[in-house]
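One structure is given here, and the rest of the page talks about it.
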Amino acid sequence: MILPLLFYERDTVTVARALLGMRLVHATPGGRTVGRIVETEAYLFNGDPACHAHKGKTKRNAVMFGPPGHAYIYFVYGMYYCFNVVTAPEGIGEAVLVRALEPLEGIPLMEKRRHTRALHNLCSGPGKLVQAMGMSGELNGCPLYRGPLTIHAPDSFGLESTVQEAEIIATPRIGITKAADLPLRFCLKGNQFASRRTHP
DNA sequence: TGCCTGATTGCCT
DNA sequence: GGCAATCAGGCAA
């Protein structure tokens, strides 16, 4: 089942946790790739200086202020993209950064795009998974409930989280300097496919 | 294993 | 002009 707009139009931390276990699907002419979300980070409008939207709307972060359930993809460090899911009602600049996936389908295509055959190195980081899934800046602002990039609940799950609360750990976020102490990174406990650093 | 650095570009001050 | 929600590779221990 493709997650509907309703799923995203909630509290950002709730969505960040609920996204764990969901499947990101990208259909391209070259083939279809699917990954299970195993690591996310929440970025909040208020009280979170690390959030791109913290200082207000700009050209770069405009999508974060738009309707939820859309992709916010930005370019960073001159060579990488990061993929986020816009959350919270329109006008509230919040999003969830997807930091790691467990590769499920289209693994040969991911290997080709990433130029490696190491399964644990295909999607274990925000820049890596964008590369492995074949995403680009063109998808910035696209809805995630209507292809080519969509997020699905695994069969037999609805809007509720697909994982037990006890299976989720919260840690400080990665690679930021501001508000570095806030526990807004969420991972599946003991998952092999998360980006390296763990800080339980 | 873990720390340090270079690569490379658009956006914001 | 500075910096950024990163990554890969090099080097030391």
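Order of the sequence lines fixes the chain letters, A, B, ..., with proteins taken first and strands second; residue numbering starts at 1 for each chain.
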Please give, in whole Å, the distance from [N] [atom2] to [X] [atom1]?
X        : N      : atom1 : atom2 : result
A:Glu41  : C:dA5  : CD    : P     : 10 Å
A:Met64  : B:dC11 : CE    : C1'   : 15 Å
A:Met79  : B:dT8  : CE    : P     : 5 Å
A:His52  : C:dT6  : NE2   : C1'   : 12 Å
A:Arg99  : C:dC7  : CZ    : P     : 7 Å
A:Tyr81  : B:dT9  : OH    : P     : 11 Å
A:Ile174 : C:dC7  : CD1   : P     : 10 Å
A:Asn61  : B:dT13 : CG    : C1'   : 15 Å

Side chain of [X]: nearest nucleotide among [options]?
X        : options              : value
A:Arg114 : B:dT9, C:dA5, C:dA8  : C:dA8
A:Thr177 : C:dT6, C:dA4, B:dT8  : C:dA4
A:Lys55  : B:dT13, B:dT8, C:dA5 : B:dT13
A:Asn84  : C:dA5, C:dA8, B:dC12 : C:dA5
A:Lys128 : C:dA8, C:dT6, C:dA5  : C:dA8
A:Thr58  : B:dC12, B:dT9, C:dC7 : B:dC12
A:Lys59  : B:dA7, C:dA5, B:dC11 : B:dC11

Looking at [Y] and [X], is any side-chain nitrogen of the basic one under 4.0 Å from a carboxylate oxygen of the acidic one?
X        : Y        : result
A:Asp181 : A:Arg173 : no
A:Glu165 : A:Arg17  : yes
A:Glu111 : A:Arg117 : yes

Does the side chain of [X] pick up a donor-acceptor pair with the side chain of [Y] at under 3.5 Å?
X        : Y        : value
A:Tyr145 : A:His152 : no
A:Gln131 : A:Arg113 : no
A:Tyr72  : A:His52  : yes

message: Please confirm whether the shortest side-chain N or O distance from A:Arg60 to OP1 or OP2 of B:dT13 is below 4.0 Å.
response: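 So the side chain of A:Arg60 is outside the cut-off, no N or O lying under 4.0 Å from OP1 or OP2 of B:dT13.
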message: At less than 4.0 Å, is any side-chain N or O atom of A:Lys178 found next to OP1 or OP2 of C:dA4? Yes or no.
response: no
message: Does the structure show a Watson-Crick or G-U wobble partner for C:dA4, both distances under 3.5 Å? Name it, or say none.
response: B:dT9
field: Face-to-face contact A:Tyr77 to C:dT6 six-ring, under 5.5 Å, under 30°
entry: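 Yes, A:Tyr77 stacks on the base of C:dT6.
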query: Does the aromatic ring of A:Tyr74 sit over the six-membered base ring of C:dA5, closer than 5.5 Å centre to centre and tilted less than 30°?
result: no
- prompt: What is the nucleic acid contact for A:Gly78, judged by heavy atoms within less than 4.0 Å: base, sugar-phosphate only, or nothing?
  reply: base
